[in-house]
Amino acid sequence: VSMTGTTAAAADVILVNADTASLITSTVGTLTGSAADLKTVLAANDGAQLTGFETVAVTIDSPGASVADANTISAATSGVVSGAISTTDMATLKTLGETGNAYTVTVADTTITAADLKTLDSKTTGTVTVSAATNISGALSDLKAIYEANTVGQITGLGDEVISITDSGEVLAADLHKVNTLNSGVFSANSVTSVKGSVVDLLKVYSSGNTAGVIAGLGSENLIITDTGTVAAGDINTLDGLTTGTITASAVT
């Protein structure tokens, strides 16, 4: 049997396979169906019952597939797998395999880490929806990445969470300001010891009147001014009154 066409339903392939003991050769471009039927077809693609499905694109019908089923399906074909992932807890979603598939994913945890969300986003070209998160912690670079992804629609649902930075060393003032403007929730940077950036960016971070919100936990950090030309003495005095740490301005001329 030769099976041709652009799309085939997995349930139909199962019926045809049951009606013949001969090898079915497929050049179908896309296979659609429930996760259970898709797994059945791809498991039968053994060269004795079916052949040709090892490169097929796959569309998982509603209500989608668990992470375990999605991993089984994607491992059986080099084609792009698309459809919803029915699993919603981050602990399980983290085990989603491969990259380049077009899953739509929903994270229902109330507390997550930025690193986990960033990694999950990298595993799919589809949208990751954060439906219930109220607390997000992580390195500033990871926080910046997920909130920027939220602005372009790769991730959705972010914008009013309680954020805690886990960095314990130096961070960039521009990155602090960027994340602060993309989130209206409380933003804490209790473990940061040094903030580096231009006077303009440092003032945005330390002066509540210059930002959309206030960054909590700052006030004792060392500041490193990166400006290489002229800065206003008044601005340096302002910064000096906002932190008990030292201010280094070695590049200012």
Side-chain angles (χ1 to χ4, degrees), residues 3 5-11 13-14 17 24-109 112-133 136 138-139 141-158:
M3 188 173 292
T6 56
T7 304
V13 177
I14 292 170
N17 190 37
I24 298 172
T25 301
S26 171
T27 57
V28 169
T30 302
L31 185 66
T32 67
S34 67
D37 286 346
L38 291 167
K39 288 197 304 176
T40 298
V41 170
L42 293 171
N45 188 58
D46 55 7
Q49 302 174 70
L50 307 173
T51 188
F53 288 102
E54 56 273 7
T55 59
V56 71
V58 175
T59 300
I60 305 169
D61 290 344
S62 181
S66 67
V67 168
D69 285 348
N71 286 344
T72 299
I73 292 167
S74 64
T77 176
S78 60
V80 173
V81 181
S82 59
I85 299 297
S86 57
T87 308
T88 61
D89 66 286
M90 183 63 83
T92 308
L93 288 169
K94 285 165 60 175
T95 64
L96 192 64
E98 300 187 7
T99 59
N101 291 312
Y103 301 124
T104 55
V105 182
T106 297
V107 181
D109 300 67
I112 58 177
T113 67
D116 285 347
L117 185 55
K118 178 183 175 182
T119 299
L120 180 62
D121 182 47
S122 72
K123 291 184 177 181
T124 176
T125 60
T127 303
V128 177
T129 299
V130 183
S131 64
I136 302 178
S141 59
D142 290 336
L143 288 163
K144 181 172 177 282
I146 64 171
Y147 278 93
E148 287 181 335
N150 188 69
T151 64
V152 297
Q154 294 170 228
I155 297 174
T156 64
L158 298 180

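Values in this document were obtained by computation on a predicted structure and should not be read as measured data.
Put simply, the side chain of D121 does not reach to within 4.5 Å of the side chain of I146, judged on heavy atoms. Within the 4.5 Å cutoff, side-chain heavy atoms of Y103 are placed close to those of V81. The closest side-chain heavy-atom distance from T6 to T30 is not below 4.5 Å. With a 4.5 Å cut-off on side-chain heavy atoms, L117 and L158 count as touching. Looking at heavy atoms from C-beta onward, T95 lies in side-chain contact with T92 at the 4.5 angstrom threshold.
Separation of atoms CD (E148) and CG (L143) is listed at 11.0 Å; rounding is to 0.5 Å. Atom CD1 in I85 sits 8.0 Å away from atom CG in L93 (nearest 0.5 Å). One distance of note links OG1 of T72 with CG of L38; it measures 11.5 Å at 0.5 Å rounding. Within the model, atoms CD1 of I14 and OG1 of T40 stand 4.5 Å from one another, a figure rounded to the nearest 0.5 Å.
A pairwise comparison of heavy atoms in A35 and I60 identifies N-CG2, 4.3 Å as the closest pair. Q49 and A44 get closest at one heavy-atom pair: CB-O, 3.4 Å. Considering every non-hydrogen atom in both A70 and L96, the closest pair reads CB-CD1, 4.3 Å. In terms of heavy atoms, N45 sits closest to G52 at OD1-N, 3.4 Å. Smallest separation of non-hydrogen atoms from P63 and A84: O-CB, 4.4 Å. Here the shortest heavy-atom pairing between I112 and V107 reads CG2-CG1, 4.1 Å.
Applying the side-chain hydrogen bond (donor to acceptor under 3.5 Å, both in side chains) test to residues at least two apart or on different chains, the pairs with a partner in residues 124-133 are T129-T156.
Counting only distance, with no hydrogens or angles, the side chain of N101 and the backbone of S82 share no donor-acceptor pair below 3.5 Å. With hydrogens and angles ignored, the 3.5 Å screen pairs no side-chain donor or acceptor of T88 with any backbone N or O of A108. Side chain of S26 to main chain of F53: no donor-acceptor pair is present (N/O by atom type, distance under 3.5 Å, no hydrogens or angles). No donor-acceptor distance shorter than 3.5 angstrom exists from the side chain of T77 to the backbone of I73, with no hydrogens or angles considered. Between the side chain of N71 and the backbone N or O of G97 there is at least one donor-acceptor pair closer than 3.5 Å. In terms of modelled atom types and a separation under 3.5 Å, the side chain of T55 and the main chain of G79 share no donor-acceptor contact.
Shown here are the side-chain hydrogen bond (donor to acceptor under 3.5 Å, both in side chains) partners of S78, two or more places apart in sequence or in another chain: there are none. For the side-chain hydrogen bond (donor to acceptor under 3.5 Å, both in side chains) test, residues two or more places apart in sequence or in another chain that qualify with K39 are D69.
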